[in-house]
Amino acid sequence: YLTAFGGVMKGLWWLSGLVTACAFACGLFASGVIAGENLVYAPVASWVTPEAPPMPDPVWAGAPAQVLLQNTQVHFEVDGAISYYAEFAIKIQTAAGLQAAQSWITWNPATDDVTVHKAQILRGKQIIDVLAKGQTFTTMRREQNLDRAMLDGYLTGILHPEGLEVGDTFVFSSTIRRRDPLFEGKAASMLAGLSSGPTARQVIRATWDKERQIRFRQSDDLKGKDRH
């Protein structure tokens with residue numbers, strides 16, 4: 001896996017893998033069998049490696065908000081699916097930064113399943129569970145290609161955390177599991193534009209089975225970052 005720390009990183013990381021997908025050969029990938037229009041709320045999968053948010057970077061103390069942690073993990077599964085885990089922790093430093101905590105997820109219900117893991121407000125030593133208080137995502141269908149008479153079917157879920165205050169840190173995590181029969185067991189992933197604002201720590205990690213053939217490349221602006 002690759003782990004990168006510090007600064008504003010605008011890199012690109014590309015992976016591709018060939019997997020043996022017996023399930024596909026057996027015809028288990030029929031259209032409509034997988035995917036979902038509804039969000040699922042469940043704990044994080046076992047393949048995800050936990051990451052703790054660091055302390056705020058004093059360099060960005062004057063910004064409306066500061067991303068303490070941007071944690072992106074990709075898992076190539078045996079059946080040809082790819083799971084994308086995303087987590088962020090953002091420190092709200094001024095009233096203008098409250099909007100930065102809005103969380104949104106966009107997915108294709110024909111190929112994707114979405115699991116929401118966590119939406120928490122950290123206020124000193126207090127942990128406020130937004131989901132446990134009954135707040136959920138609002139799901140909307142946003143067609144982006146209507147001008148070309150095309151319907152893509154993508155859904156967008158939006159969450160505005162209620163009760164968020166200046167000085168709070170908002171933590172959110174989710175996983176999108178994608179399995180597209182058109183790839184016939186092959187899998188590829190590209191991560192680009194990893195950050196566009198003040199970020200204290202960024203993590204990129206990919207995991208896969210030992211027997212799977214994986215190739216990866218990274219753009220020049222990621223070279224020199226910590227890699228393990």
Side-chain angles (χ1 to χ4, degrees), residues 8-13 35-45 48 51 53 63-75 82-122 128-147 150-166 168-180 189-204:
V8 176
M9 185 167 60
K10 299 180 179 178
L12 180 150
W13 194 40
E37 295 194 356
N38 298 321
L39 297 174
V40 175
Y41 297 86
V44 176
V48 174
E51 296 286 344
Q66 179 181 165
V67 178
L68 303 183
L69 175 66
Q70 186 178 22
N71 180 11
T72 303
Q73 301 188 35
V74 184
H75 184 63
I82 308 177
S83 290
Y84 298 90
Y85 172 81
E87 177 186 21
F88 71 84
I90 184 166
K91 176 79 171 180
I92 308 303
Q93 300 180 146
T94 71
L98 291 170
Q99 186 65 23
Q102 175 180 290
S103 304
W104 55 272
I105 307 171
T106 298
W107 76 99
N108 183 353
T111 58
D112 302 345
D113 290 306
V114 182
T115 303
V116 175
H117 307 300
K118 178 170 53 179
Q120 296 178 337
I121 296 173
L122 309 183
I128 303 172
D129 191 331
V130 175
L131 301 177
K133 291 174 69 68
Q135 189 176 359
T136 58
F137 276 77
T138 300
T139 302
M140 299 178 292
R141 189 179 301 275
R142 291 182 171 181
E143 298 294 346
Q144 302 178 0
N145 297 305
L146 288 178
D147 57 332
M150 296 175 58
L151 300 177
D152 56 29
Y154 277 77
L155 299 176
T156 299
I158 300 178
L159 175 73
H160 301 272
E162 298 176 354
L164 192 65
E165 301 176 359
V166 174
D168 290 345
T169 296
F170 181 64
V171 183
F172 173 76
S173 66
S174 65
T175 297
I176 296 179
R177 184 176 186 270
R178 178 166 298 144
R179 185 167 56 177
D180 193 331
S189 178
M190 182 175 68
L191 304 175
L194 298 175
S195 178
S196 58
T199 305
R201 184 182 186 188
Q202 292 179 317
V203 176
I204 309 168

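Worth saying up front: this structure is predicted, and the values here are computed from it rather than measured.
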Next on the checklist: To the nearest 0.5 Å, what is the distance between CD1 on Ile176 and CD1 on Ile105?
Outcome noted: 6.5 Å
Item to check | Nearest heavy atoms of Glu37 and Trp107, plus distance in Å | outcome: O-CZ2, 3.4 Å
Item to check | Heavy-atom closest pair, residues His117 and Ala42 | outcome: ND1-O, 2.9 Å
Next on the checklist: Taking His160's backbone N and O only, do any of them form a donor-acceptor pair with Gln135's side chain (distance below 3.5 Å, no angle check)?
Outcome noted: yes
Item to check | Spacing of OH belonging to Tyr154 relative to OG1 belonging to Thr111, to within rounding of 0.5 Å | outcome: 6.0 Å
Next on the checklist: Go through it in stages, so that I can follow the logic: the residues are Tyr41 and Phe137, the test is side-chain contact (heavy atoms from CB on, under 4.5 Å), and I'd like the CA-CA distance, side-chain angles, deciding distance and then a yes or no.
Outcome noted: CA-CA 11 Å; Tyr41 297 86; Phe137 276 77; 3.8 Å; yes
Next on the checklist: When you compare the side chain of Val130 with that of Ile121, does any pair of heavy atoms fall below 4.5 Å?
Outcome noted: yes
Next on the checklist: Could you walk me through whether Leu69 and Glu87 satisfy the side-chain contact (heavy atoms from CB on, under 4.5 Å) test, starting with their C-alpha distance in whole Å, then the side-chain angles of each, then the deciding distance to 0.1 Å, before giving a yes or no?
Outcome noted: CA-CA 8 Å; Leu69 175 66; Glu87 177 186 21; 4.0 Å; yes
Item to check | Test item: Phe172 and Pro161 side chains (from C-beta on) under 4.5 Å apart, heavy atoms | outcome: no
Checklist entry - Shortest non-hydrogen contact from Ala96 to Pro64? => result C-CB, 4.0 Å
Checklist entry - For the atom pair OG (Ser173) and CD (Gln73), what is the distance rounded to the nearest 0.5 Å? => result 10.5 Å
Item to check | Check ion pair Lys133-Glu162 (N to O, under 4.0 angstrom) | outcome: no
Next on the checklist: Please find the pair of heavy atoms, one from Ile90 and one from Ala65, that lie closest to each other, and give the distance.
Outcome noted: CD1-CB, 3.9 Å
Checklist entry - Taking all atoms of both residues into account, what is the closest heavy-atom pair of Leu159 and Thr136, and its distance? => result CD1-O, 3.5 Å
Next on the checklist: Between Glu165 and Ile92, is the side-chain contact (heavy atoms from CB on, under 4.5 Å) condition met? List the steps.
Outcome noted: CA-CA 7 Å; Glu165 301 176 359; Ile92 308 303; over 6 Å; no
Checklist outcome for this item: One should read off an interatomic distance between Gln120 CD and Thr169 OG1, to the nearest 0.5 angstrom, of 11.5 Å
Next on the checklist: How long is the straight-line distance from CZ of Arg201 back to CG of Asn71, given to the nearest 0.5 Å?
Outcome noted: 8.0 Å
Item to check | Where Ser174 and Val116 come nearest, the two heavy atoms and their spacing | outcome: CB-CA, 4.2 Å
Next on the checklist: Applying side-chain contact (heavy atoms from CB on, under 4.5 Å) to Tyr85 and His75, what does each step give before you reach the verdict?
Outcome noted: CA-CA 8 Å; Tyr85 172 81; His75 184 63; over 6 Å; no
Item to check | Atom pair OG1/CG of Thr175 and Asp112 - distance to nearest 0.5 Å | outcome: 12.0 Å
